[in-house]
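Comments concern the structure below.
Letters A, B, ... are given to chains in the order of the sequence lines, protein chains preceding strands, and every chain is numbered from 1.
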Amino acid sequence: MPKKRYWLMKSEPDVYSIDDLARDGSTSWEGVRNYKARNNMQAMREGDLVLFYHSNAKPPGIAGIARVSREAYPDHFAFEKGHKYFDAKSDAAKPRWHMVDIEFVEKLPELVSLVDVKGEPALADMELVRYMRLSVQEVKKAEFDRVKTMGGLK
DNA sequence: GCCAACGTTGGC
DNA sequence: GCCAACGTTGGC
C-alpha cells in the first residue's frame, strides 16, 4: 500500500465551488490541459486527500477538503468535436489527457485565503505561493495539516 | 480590466 | 533547438 499523498486542486467557484461538490457528493475533474497538472493527476491514488482551492474568487483561498475517489482515466471530453475541452491531438486510442474523480469530505469552517497562506511561514514553500499558475499541485502532509488547522479543523 | 508569469506553438 | 508570438491563468 503506497503512502497517502496530498494535493491541491483549483476551481473557479463561479464554475464549480466546494458547495457544488458538497451538493453533488462527487465530481469528475475534466478539462485539465497542462502537462504538469496532468502528471500530478496520474500520480493520484484512491484515498489521497485534496485541498479544494477557489481561484478567481473574492478572496481566493482554500475552501474545503475532498478525496480522490477514482484514479486517472482518459478525459473523453477531449474526443468530442465542438466540446470546449476538445483536443484534436487526443484520441481514444492514445489519450493525451486524463481526469480523476473526487468526492466531498468537508468544508473548512473558515476559508484559508491566499493572503493567509502567504502570511504563514510554515506554508512558504507551497507551490501555491512559489508557482502560482499550476492548477493541480502536490502538497506536503505538514502543509495539509496546517491548512486544516488554520481553516478551523483539528 | 490590466498585466505578469508561464506554457505552447510554429517558423526557421 | 531556438525563440518570438500568442494564449491562458489568476491575482490585483
query: Which residue, A:Tyr35 or A:Asn56, contacts DNA chain B at a nucleotide closer to its 5' end, judged by nearest heavy atom?
result: A:Asn56

statement: Nearest-nucleotide check on DNA chain B, A:Arg130 vs A:Arg96; residue mapping nearer the 5' end is A:Arg130

Would you mind writing out the side-chain donor-acceptor pairs for residues 128-135 of chain A within the sub-3.5 Å range, not counting sequence neighbours?
unit_1, atom_1, unit_2, atom_2, d
A:Arg130, NE, A:Asp125, O, 3.0

field: Donor + acceptor pair across side chains of A:Asp101, A:Tyr73 (<3.5 Å)
entry: yes

task: Return the set of residues passing salt bridge (Lys or Arg N to Asp or Glu O under 4.0 Å) with A:Lys118 (not counting sequence neighbours), or none when no residue passes.
output: none

message: I need the residues from residues 114-126 of chain A with at least one non-hydrogen atom less than 4.0 Å from DNA chain C; give them sorted by number, or say none.
response: A:Leu114, A:Lys118

- request: Decide yes or no for A:Leu153 and A:Pro109: does some side-chain heavy atom of the first lie under 4.5 Å from some side-chain heavy atom of the second?
  value: yes

Any side-chain heavy-atom pair of A:Met126 and A:Leu8 under 4.5 Å: yes

Can you give me every donor-acceptor pair (side chain of residues 75-85 of chain A, partner residue at least two apart or in another chain, under 3.5 Å) with its distance?
unit_1, atom_1, unit_2, atom_2, d
A:Asp75, OD1, A:Phe77, N, 3.1
A:Asp75, OD2, A:Gly31, N, 2.8
A:Asp75, OD2, A:Arg33, NH1, 3.0
A:Asp75, OD2, A:Arg33, NH2, 3.3
A:His83, ND1, A:Tyr85, N, 3.0

- prompt: Does A:Trp97 sit in a hydrophobic cluster with other residues, and if so which ones, taking ILVMFWY side chains as linked at heavy-atom separations under 4.5 Å, directly or through other members?
  reply: A:Tyr35

message: Need two values: the first and the last nucleotide of DNA chain B, 5' to 3', having an atom under 4.0 Å from any heavy-atom of chain A.
response: B:dA4 to B:dT9

task: Give the ring-plane orientation class for A:Trp29 versus A:Phe52, where under 30° counts as parallel, over 60° as perpendicular and anything between as tilted.
output: perpendicular

